[in-house]
There are 2 protein chains.
Amino acid sequence: MNSDFTLAIHSLTLLALQPDRMSTSEYIAESAGVHPVRIRKVLSLLKKNGFITSKEGTGGGFIFALELDQVNLWDIYQITSEGALQPKCTESNGQCIVGANMKSVLFTIFMGAEEHLGLYLKDYTIKEVVELVKQKEA
Amino acid sequence: MNSDFTLAIHSLTLLALQPDRMSTSEYIAESAGVHPVRIRKVLSLLKKNGFITSKEGTGGGFIFALELDQVNLWDIYQITSEGALQPKCTESNGQCIVGANMKSVLFTIFMGAEEHLGLYLKDYTIKEVVELVKQKEA
DNA sequence: TTTACTGTAATGAATATTATTACAGTAAGC
DNA sequence: GCTTACTGTAATAATATTCATTACAGTAAA
């Protein structure tokens, strides 16, 4: 898994704490310790899905578009990383009963695993993540 | 995640179908479509944990050491890939409340996610995987 | 019309994964 | 004993993935 998922969470959490003004990709990038272009790429996904809005030009940036408890980590996972659990099987030997069928068996199992993970991630909304961050700070 | 996890499952499934004789790393490698040295590396982990035994020299190889329903996918995951879900956060900005605390918040959340995944994976033993492979074949 | 932004493509650097080579150690069978 | 067929493991090379960086077009405010 690449870090799009965690960068998205990081960005949204930051936006959640700046509800009244737009945050630039440079500002978010500095908080997350990555390059601004990378942030813009991740945030463009979130924008497509309606979690944030953006504005170009002077004074522009990104801002949260929903209530904090309307976005959960499963939503974000699906947008940024769906299928990441799926194992990358190299093409194996079709002559062998295991080689021929393992790929699809694993596919089925990992699909289930991802769904199951979804049940867990749905319980964390950005509101809760913000709370956790504040708790740590205190 | 690298593919140690799926290679381990593949290997054990193959061994499960050859209960009476030793299988060489070359044989397993051919079924899985990878290099024999890679198989030996993965299997050395499984051996350390008592799931298989091995024998060097002529006629040697690997063989299952337990009953098929005594090994589940969570066992295998822990051996080969524990912590793989854990996000790789780059060092972020400690001046920022989010940058300073996000890493440990995510760590906590992903620890929980992995435990939760464990509950799902525990339900699949090698016995069941073998059954699934046979079903696909039929 | 300049300045400060987003949006996105293209390319290069860094990192992670995998293959390959090499060789020491072990056991079977002649 | 010697050869053959294996495991075990380290070291290095090849490849794939991830990420940073550059470049530049588009937009809006002042």
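Chain letters run A, B, ... following the sequence lines, proteins first and then strands; every chain starts at 1.
In this structure, the helix from C:dT1-D:dA30 to C:dC30-D:dG1 shows an angle of 0° between the axis at its start and the axis at its end, each fitted on 5 base pairs and rounded to 10°.
Phosphate proximity of C:dT18 to B:Ser3: present, with a side-chain N or O under 4.0 Å from OP1 or OP2. Considering only side-chain N and O atoms, B:Lys55 lies under 4.0 angstrom from the phosphate OP1 or OP2 of C:dA28. Distances shorter than 4.0 Å separate none of the side-chain N or O atoms of A:Ser54 from OP1 or OP2 on C:dC5. Checking the phosphate oxygens (OP1, OP2) of D:dT7, no side-chain nitrogen or oxygen of B:Ser44 falls inside 4.0 Å.
A:Ile126 and A:Ile63 fall into different hydrophobic clusters, defined by Ile, Leu, Val, Met, Phe, Trp and Tyr side-chain heavy atoms under 4.5 Å apart, directly or through other members.
Counting to the nearest Å, the P atom of D:dC6 and the CD atom of B:Glu56 are 13 Å from each other. The separation between A:Glu26 atom CD and D:dA20 atom P is 15 Å, rounded to whole Å. Rounded to an integer number of Å, the gap from NZ of A:Lys41 to P of D:dA20 is 9 Å. As a whole-Å value, the separation of B:Ile63 CD1 from D:dT7 P is 13 Å. When the C1' atom of C:dA19 is taken as reference, atom CD1 of B:Ile39 falls 13 Å away, rounded to whole Å. Taking atom NE2 on B:His35 and atom C1' on D:dT15, their separation rounds to 14 Å, with Å as the unit. Atoms CG (A:Leu45) and P (C:dT6) sit 16 Å apart, rounded to a whole Å. If you measure from atom CZ of A:Arg40 to atom C1' of C:dC5, you get 8 Å, rounded to the nearest angstrom.
Side-chain contact of B:Ser92 with A:His10: a donor-acceptor pair under 3.5 Å is absent, judged by distance alone. Judged purely by distance below 3.5 Å, without hydrogens or angles, the side chains of A:Lys47 and A:Ser54 pair a donor atom with an acceptor atom.
In plain terms, the two heavy atoms of A:Tyr120 and B:Ile109 that are nearest each other are OH-O, 2.7 Å. Nearest heavy atoms, B:Val129 versus B:Ile9: CG1-CG2, 4.2 Å.
Looking at which nucleotide of DNA chain C each of B:Pro36 and A:Ser23 is closest to, the 5′-most match is held by A:Ser23. Sequence order on DNA chain D of the closest nucleotides to B:Gly61 and A:Gly33 puts B:Gly61 first from the 5' end.
Distances from the side chain of B:Val37 to the nucleotides D:dC6, C:dA22, D:dA23 place C:dA22 closest.
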Does the pair A:Tyr77 and A:Tyr124 meet the rule for a ring-ring contact (aromatic ring centres under 6.0 Å, His included), with working shown? CA-CA 12 Å; A:Tyr77 177 87; A:Tyr124 286 94; over 10 Å; no
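Under a 4.0 Å N-O distance rule, the pair B:Asp4/B:Arg38 qualifies as a salt bridge.
In this structure, A:Arg38 reaches the sugar-phosphate backbone alone: every heavy-atom distance under 4.0 Å involves primed, P, OP1 or OP2 atoms, never a base. Among the atoms of the strands shown, only primed sugar atoms or phosphate atoms (P, OP1, OP2) are found under 4.0 Å from some heavy atom of A:Val34. B:Lys47 comes within contact range of the sugar-phosphate backbone alone, with a heavy-atom separation under 4.0 Å but no base atom that close.
Side-chain to base pairing of B:Thr58 with D:dT4: one donor and one acceptor N or O lie within less than 3.5 Å of each other.
Proximity of the aromatic rings of B:Tyr27 and B:Phe62 is defined here by a centroid distance below 6.0 angstrom, and this criterion is not met.
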